[in-house]
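Down below is the structure, laid out as structure tokens.
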Amino acid sequence: MIFTIAHETRHSIRIRTAASRFSAAEADVLRRCLGEMKGVTDVEVFRATGSVRITYEGDRDYILDRLKTFSYKNVELFAREEQERISHEEIAKRKLSPGVKRKLRRRLLLETAADVLLPEPVQVGYHIYQIVTLRNL
């Protein structure tokens with residue numbers, strides 16, 4: 001990672017990265033990754049300035065070496081994947097409209113009735129047709 005040391009104390013380093021800003025997802029990924037480094041006790045990410053304060057115990061040079069070999073491209077990649085995911089909270093919040101629910105119920109009832117009433121070769125043929133055409137999936 002490309003960075004400069006903005007401020008340093010005995011057990012803390014504040015670095016300014018080449019990125020001028022962090023998105024919320026990038027900040028979360030960066031906080032988790034840097035927090036896992038040996039000797040790091042706390043990581044504070046400043047999204048607006050693109051800087052990070054790392055509080056550590058132990059060897060300063062080890063922390064700096066790890067930061068130099070750290071790849072920020074991986075942070076961007078994981079952040080993009082994290083943003084594309086739908087959270088459990090969002091899934092719980094999403095509701096189907098009553099019209100869509102009616103259509104789904106009707107479709108399930110018709111499929112069930114067809115499976116119960118139609119002879120087995122016709123059922124198998126219908127389901128194979130659905131799989132081949134990937135219709136209404």
Side-chain angles (χ1 to χ4, degrees):
M1 176 167 45
I2 300 170
F3 67 91
T4 57
I5 297 175
H7 182 73
E8 186 173 6
T9 63
R10 188 171 175 199
H11 292 286
S12 176
I13 298 175
R14 182 168 176 164
I15 60 170
R16 184 156 304 201
T17 63
S20 59
R21 299 180 163 275
F22 298 127
S23 69
E26 288 172 337
D28 288 341
V29 170
L30 197 58
R31 190 177 297 112
R32 279 185 278 156
C33 290
L34 295 178
E36 294 295 319
M37 285 182 5
K38 183 178 136 189
V40 172
T41 57
D42 187 40
V43 176
E44 189 174 355
V45 178
F46 302 96
R47 290 179 47 206
T49 60
S51 59
V52 180
R53 181 174 52 218
I54 301 170
T55 307
Y56 63 93
E57 294 176 357
D59 189 18
R60 170 192 179 272
D61 294 331
Y62 172 77
I63 301 291
L64 291 177
D65 287 341
R66 291 290 306 265
L67 286 173
K68 287 176 186 172
T69 59
F70 186 79
S71 176
Y72 188 74
K73 288 182 181 183
N74 292 339
V75 171
E76 292 171 335
L77 175 72
F78 287 126
R80 197 171 326 118
E81 287 179 6
E82 196 169 290
Q83 286 175 339
E84 291 173 358
R85 281 191 205 137
I86 299 174
S87 68
H88 293 291
E89 297 161 357
E90 186 175 347
I91 290 172
K93 280 193 268 183
R94 289 185 181 184
K95 304 261 185 203
L96 293 177
S97 69
V100 172
K101 286 181 181 180
R102 271 193 301 277
K103 286 181 182 179
L104 283 173
R105 281 191 204 105
R106 188 178 316 126
R107 169 101 187 217
L108 286 172
L109 286 173
L110 288 174
E111 292 268 342
T112 304
D115 286 343
V116 169
L117 299 174
L118 292 176
E120 190 173 338
V122 176
Q123 290 175 23
V124 171
Y126 175 69
H127 291 298
I128 289 173
Y129 169 76
Q130 282 182 320
I131 290 171
V132 169
T133 60
L134 296 175
R135 189 173 174 174
N136 295 325
L137 293 179

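All heavy atoms count here, side chains included; hydrogens, waters and symmetry mates do not. Along the sequence shown, residues carry numbers from 1. Since the model is a prediction, treat every value here as computed from it, not as a measurement.
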Looking at R32 and E36, is there a salt bridge between them, counting it only when a charged N and a carboxylate O are closer than 4.0 Å?
no
Tell me, yes or no, whether the heavy-atom count around L104 atom CG, taken from other residues, nucleotides or ligands under 6.0 Å, exceeds 12.
yes
Residues two or more places apart in sequence or in another chain: which of them pass side chain to side chain donor-acceptor pair (under 3.5 Å) with R53?
E44
Partners passing side chain to side chain donor-acceptor pair (under 3.5 Å) against T55 (at least two apart in sequence or in another chain):
none
Hydrophobic clusters here meaning ILVMFWY residues chained together by side-chain heavy-atom distances under 4.5 Å, can you tell me if V132 and V124 are in one?
yes
With sequence neighbours left out, which residue pairs that include part of residues 72-81 fulfil the salt bridge (charged side-chain N to carboxylate O under 4.0 Å, His left out) condition?
none
Under a side-chain separation threshold of 4.5 Å, the hydrophobic residues clustered together with I54 are M1, F3, I5, I13, I15, F22, V29, L30, L34, M37, V40, V43, V45, V52, Y56, Y62, I63, L64, L67, F70, Y72, V75, F78
Do any pairs count as a side chain to side chain donor-acceptor pair (under 3.5 Å) and have a residue in residues 4-13, sequence neighbours left out, and if so which ones?
E8-R60
Under the side chain to side chain donor-acceptor pair (under 3.5 Å) rule, what pairs show up with a residue in residues 112-125, not counting sequence neighbours?
D115-H127
Shortest non-hydrogen contact from S51 toward R16:
CB-CA, 4.0 Å
